[in-house]
Amino acid sequence: MKIAACSKTYGKRTVLRCGELTLEPGEVCAVVGPNGSGKSTYAKLIAGVLEPDRAGRLVEEAVTIRYMPQKSYPFRMSVEKNILLSGDDRERARELMEKLRLTALVRQRAGSLSGGEAAKMALARVLMQRCDLLILDEPTAAMDMESAIAAEQLIQNYRQENGCAVLLVTHDLSQARRMAGNALFFYGGELCEAGSAETVLFHPEREETRQFLEYYGGFAKR
Amino acid sequence: MQTALQKALELILSGDRELANILLVTAKTCVTSSLIALLVGLPIGIWLGASRFRGRQALVVFFRTMMGMPPVVCGLVMYMLFSGVGPFGKKKLLFTVTIMIIAQVVLITPLVVANLETYVAAIAQSVRETAKGLGIGPWRTFLLLSNECMYPIFSTYLLAFARSIAEVGAVSMVGGAIAWKTNVMTTAIMLYTNRGSFTLGVALGVILIAISLLVNIAVTVMQRRLSR
């Protein structure tokens, strides 16, 4: 599927500029880069929650998109009802809750969950329905390691079952390496590198990418 | 003060018919006006808080300004509109409970709108993004957003009711504080004080605060139950 070239400007400040991209069905593409580099803005533009400078969808109308924002909102209802907001398949909801170890919290109010629990609930909620493109913005940032690995497994299963493409915004380069076949590196609101995860994370072309990745020891050694 | 409290108790226990009438008119005016203001202000507040359109900020500033409108100014405008020479003079509503309710609705609605707008604006973006990400349509998103406002709706109602029951400027101007007809607690206190009946005035004040306390307790209990 093609993602059109886009830009986003606030007043006179352009916060994102990105060329056209292609995602293959079943592909996981990691979006990495420092804070404020435009990763989340890019995810929002594709998801349609933010309007690009040239109005319109960045992907074809026929493509169904599901998106989990960085701060997914816990609605004022039980965990189970929150998950069932995006689909009424109780069996599927139960299965997701079990895999994410949320079963004990089914009747608990979403507002009273810890950050990690809320993130698990948000992930379960977005995985309730089938889609063509799944966009996840820092889905495991608030989770402990064990939960993050379980969540990654769940995302991979979902991708395999549905054959959908996954755009994964993450700060965790190890996660990007574990999950993604391709990667995009954003810096200063621009897409600097795009290619296989191996190339972008270990043999980047641009100096900015190299400098950023060096902080994560083991990545992009000179 | 002790005499006033004693007098208040005596007044309540004596079953004074004039007091009963004042209480009835007060309840009718305050409950009706605060409920109408809530019904009108609630959708406007949520819509203003959740939407982004040209002129939105101007509307927010308008409602915030109206929130601080002095009741006597509101009463004066209503008086001019509904007096014999005013555009609505033929309705003959001046010095009735109806015009008192209308004046209070005009006075309280901006309070409801501004209060809810502030709350909704803080959560709307996050709610919208989450709902859109889940493929939830605009109408269901609006319902979800309204459900999120359950707690502030109660506190906003309390604010509206408090403003209504404590208000004297507008109701006295358009209602005229006519005994057995448009006299409410606040205007009655003013009348008794002007006549030199301080004890009676303070006694009514005590009853007024007691009513306010009871309504607050009732609404807070409801708020706790429904917000769980």
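Below, chains carry the letters A, B, ... as their sequence lines are ordered, and counting in each starts from 1.
- Ranked by heavy-atom pairs under 4.5 Å with chain B, the first of A:I135, A:I65, A:L85 is A:L85.
- Ionic pairing of A:E98 and A:R94 is not present here: no N-O contact between side-chain nitrogen and carboxylate oxygen is shorter than 4.0 angstrom.
- Contacts between A:M77 and chain B at a heavy-atom distance below 4.5 Å involve the side chain alone, from C-beta outward.
- Using cut-offs of 30° and 60° for the angle between ring planes, the B:W47 and B:F53 rings count as parallel.
- Highest contact tally toward chain A, considering only B:L144, B:I136, B:L145, is held by B:L144 [criterion: heavy-atom pairs under 4.5 Å].
- Using a 4.5 Å cut-off between heavy atoms, A:L50 does not touch chain B at all.
- With chain B as partner, the option from A:G48, A:G87, A:A122 having the largest number of non-hydrogen pairs under 4.5 angstrom is A:G48.
- Residues B:Q125 and B:E129 bring a donor and an acceptor atom of their side chains to less than 3.5 Å of each other.
- More than 12 heavy atoms of other residues, nucleotides or ligands sit less than 6.0 Å from atom NZ of A:K8.
- Taking the six-membered ring where the residue is Trp, the centroids of A:F186 and A:Y42 are separated by under 6.0 Å.
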